[in-house]
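Quick notes on the structure that follows.
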Amino acid sequence: PRPINFRFLKRLKLKTILSLIPSPPNKELIQFCEEQKIQNKFFQVPKFREEDLKVQLDSSTVANILQILIDVQY
């Protein structure tokens, strides 16, 4: 998410944001998550390529993401 999206995200009352991005989240997102008490779980993935139409994830990353998705604390 970018700063322009933060107002909308506030209304969703999120508990967690999963960031599947090539580099760590920017300072604005980190600050927003801290202010809103949203956990930001960062998973480094290769940069998306239009010709591939997918993001490659290894099985351990998928398992970690699924664990977060099914855990009610997140």
Side-chain angles (χ1 to χ4, degrees):
R2 298 188 177 146
I4 195 167
N5 308 115
F6 293 167
R7 193 170 127 194
F8 171 73
L9 292 176
K10 278 185 191 182
R11 291 188 284 173
L12 297 177
K13 300 183 183 195
L14 300 173
K15 292 169 45 176
T16 306
I17 292 176
L18 293 176
S19 297
L20 284 74
I21 50 181
S23 56
N26 61 41
K27 291 178 186 178
E28 293 88 3
L29 179 59
I30 292 170
Q31 182 178 1
F32 171 77
C33 288
E34 288 174 358
E35 290 170 355
Q36 300 301 311
K37 297 181 178 29
I38 297 172
Q39 294 187 55
N40 185 21
K41 301 293 185 179
F42 164 65
F43 293 90
Q44 188 168 11
V45 297
K47 187 171 182 163
F48 178 79
R49 294 175 30 193
E50 287 289 329
E51 59 271 12
D52 292 339
L53 298 176
K54 59 186 170 186
V55 173
Q56 298 290 328
L57 299 174
D58 60 51
S59 59
S60 66
T61 301
V62 172
N64 288 332
I65 291 168
L66 290 173
Q67 186 63 42
I68 291 168
L69 291 174
I70 62 173
D71 192 330
V72 294
Q73 81 172 0
Y74 296 109

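For the single chain, residues carry numbers from 1 onward in sequence order.
Counting non-hydrogen atoms of neighbouring residues, nucleotides and ligands closer than 6.0 angstrom, the CD1 atom of Ile70 exceeds 12 such neighbours.
Between Phe32 and Leu9 the shortest side-chain heavy-atom distance falls below 4.5 Å.
Put simply, the side chain of Asn5 gets close to the backbone of Arg2: a donor and an acceptor are under 3.5 Å apart. In this structure, Lys41 contributes its side chain and Ile65 its backbone to no donor-acceptor pair below 3.5 Å. Side-chain atoms of Gln44 come within 3.5 Å of backbone N or O of Pro22 as a donor-acceptor pair.
Distance check, rounded to the nearest 0.5 Å: CG of Leu66 to CG of Asp71 gives 12.0 Å. To the nearest 0.5 angstrom, Leu14 atom CG is 15.0 Å from Lys37 atom NZ. Here Lys10 contributes atom NZ and Arg7 contributes atom CZ; the two are 9.0 Å apart, rounded to the nearest 0.5 Å.
Linking Ile, Leu, Val, Met, Phe, Trp and Tyr whenever their side-chain heavy atoms come within less than 4.5 Å puts Leu57 and Leu69 in one cluster. Linking ILVMFWY residues whenever their side-chain heavy atoms come closer than 4.5 Å, directly or via other members, leaves Ile17 and Phe42 in distinct clusters. Taken together through direct or relayed side-chain contacts under 4.5 Å among Ile, Leu, Val, Met, Phe, Trp and Tyr, Leu20 and Ile68 form part of one hydrophobic cluster. Both Leu18 and Val62 are assigned to one and the same hydrophobic cluster, defined by single-linkage of ILVMFWY side chains at heavy-atom distances under 4.5 Å. At a threshold of 4.5 Å between side-chain heavy atoms, the hydrophobic network of Ile, Leu, Val, Met, Phe, Trp and Tyr places Ile4 and Ile30 in two separate groups.
Of all heavy-atom pairs between Gln39 and Gln73, the closest is NE2-O, 4.1 Å.
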